[in-house]
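Working notes, structure below.
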Amino acid sequence: MKKLLLTGFGPFHTHESNSTFEVTNLLDGTIIGPFEVTGVILPVVFEEVFPTLKESIEKNSPDVIVLTGMAWGRDEISLERIAINLIDSERKDNNGVQYTETKISENGENAFFSTLPLQKIKSTLDQLDIKVSFSNTAGTYVCNQIMYKCLEFLKSEDQKIPAGFIHLPPDKTLKSESSWDIQDLSKAMEELIKALKY
Ligand code: PCA
């Protein structure tokens, strides 16, 4: 059995909850396809997010890493292609910290591409009529930061495991215009995870 580390976030900004918190907790401990899923909730805090992820990677030694976060303004599953070396946040993090035009990694690469099989995920979800699209920006807040730090870390350790970031839309309880409830999002993530079989 392969090990898949799935992460989500809790509430942040003015959002009372986070769809990725619910989905990560629902899928934690389940078996999906060839994967045993471990779900971990990361803090929406610039200083703490990567140390928490690193600890989970070291504890679980995953074969695949799927990071997720909520994109308030989107109504489809977003397959993030790229993380850039920049924090420029309009909002404070959950510790009240805000950065403008700041590098994530002082001497690091400008960007890292997702190493998840995004084309395969897209065609699998398309066939199931699950709303999904590629995204060329994970933003400049905590989600982009953790995607960047995760990929930078794996590269520095020469760990060739697939890893990347998926933004989920908010569910109906958080945003009434959403076309998703938590069960739909959780089902979509299950199908996405099945598509990671290699
Ligand atoms: N979304 C934010 C951070 C936490 C979350 O769920 C983002 O897109 O950066």
Side-chain angles (χ1 to χ4, degrees), residues 5-28 37 39-56 65-105 108 111-114 116 118 131-153 163-175 177-182 184-186 188-189 192-193:
L5 179 63
L6 174 68
T7 72
F9 285 107
F12 67 103
H13 189 45
T14 55
H15 311 309
E16 284 155 37
S17 183
N18 190 318
S19 48
T20 66
F21 177 88
E22 311 293 339
V23 170
T24 301
N25 284 335
L26 277 172
L27 299 183
D28 178 34
V37 178
V40 173
I41 302 302
L42 301 177
V44 188
V45 175
F46 293 117
E47 295 305 316
E48 293 171 17
V49 63
F50 179 64
T52 310
L53 176 69
K54 186 166 174 267
E55 201 183 298
S56 318
I65 302 176
V66 180
L67 309 166
T68 70
M70 180 169 76
W72 185 255
R74 300 184 192 168
D75 196 46
E76 69 278 313
I77 309 265
S78 295
L79 311 178
E80 298 299 348
R81 282 193 169 122
I82 189 163
I84 60 171
N85 190 3
L86 178 73
I87 305 179
D88 191 31
S89 67
E90 284 168 19
R91 314 169 213 111
K92 293 181 171 145
D93 72 5
N94 286 354
N95 267 359
V97 174
Q98 190 169 14
Y99 292 103
T100 32
E101 294 279 342
T102 305
K103 282 195 166 191
I104 293 169
S105 178
F112 287 101
F113 285 99
S114 175
L116 295 175
L118 299 186
K131 284 202 280 181
V132 61
S133 59
F134 296 117
S135 162
N136 298 320
T137 175
T140 50
Y141 188 51
V142 179
C143 291
N144 173 71
Q145 183 205 12
I146 197 59
M147 179 178 175
Y148 182 97
K149 290 287 287 181
C150 178
L151 292 166
E152 181 189 52
F153 172 71
F165 197 96
I166 312 292
H167 263 118
L168 301 186
D171 66 282
K172 285 174 188 158
T173 64
L174 289 173
K175 187 179 179 182
E177 307 92 291
S178 170
S179 35
W180 303 79
D181 58 35
I182 286 296
D184 301 326
L185 288 173
S186 172
M189 279 307 294
L192 186 153
I193 289 171

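Both counts, for ligands and for their atoms, begin at 1 and track the order of listing. These numbers were taken from a predicted model, which means no experiment stands behind them.
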Can I get a per-line list of side-chain donor-acceptor pairs under 3.5 Å for residues 70-78, giving both atom names and the distance, sequence neighbours left out?
unit_1	atom_1	unit_2	atom_2	d
Arg74	NH1	Ser78	OG	3.1
Arg74	NH1	Glu80	OE2	2.8
Arg74	NH1	Ser135	OG	3.3
Arg74	NH2	Thr137	O	2.9
Asp75	OD1	Ser179	N	3.3
Asp75	OD1	Ser179	OG	3.3
Asp75	OD2	Lys131	NZ	2.7
Asp75	OD2	Ser179	OG	2.4

Show me which atoms of ligand 1 lie under 4.0 Å from any heavy atom of [X].
X	result
Cys143	1 (N), 2 (C), 3 (C), 4 (C), 5 (C), 7 (C), 8 (O), 9 (O)
Gly69	6 (O)
Asn18	5 (C), 6 (O)
His167	7 (C), 8 (O)

> Which heavy atom of the protein is the closest neighbour of atom 1 (N) of ligand 1, given with residue, atom name and distance?
Replying inline: Met70 O, 3.0 Å

> Where is the nearest protein heavy atom to atom 5 (C) of ligand 1: which residue, which atom, and how far?
Replying inline: Phe12 CE2, 3.3 Å

>> Just to verify, which of Thr24, Leu6, Leu5 counts as forming a side chain to side chain contact (heavy atoms under 4.5 Å, CB included) with Val37?
In response: Leu6

> Okay, side chain of Ser89, backbone of Gln98: is any donor-acceptor separation there less than 3.5 Å?
Replying inline: no

> So Tyr141 and Phe12, would you call those rings parallel, tilted or perpendicular, with 30° and 60° as cut-offs?
Replying inline: tilted

>> So for atom CZ, which belongs to Phe113, do other residues, nucleotides or ligands contribute more than 12 heavy atoms lying within a distance under 6.0 Å?
In response: no

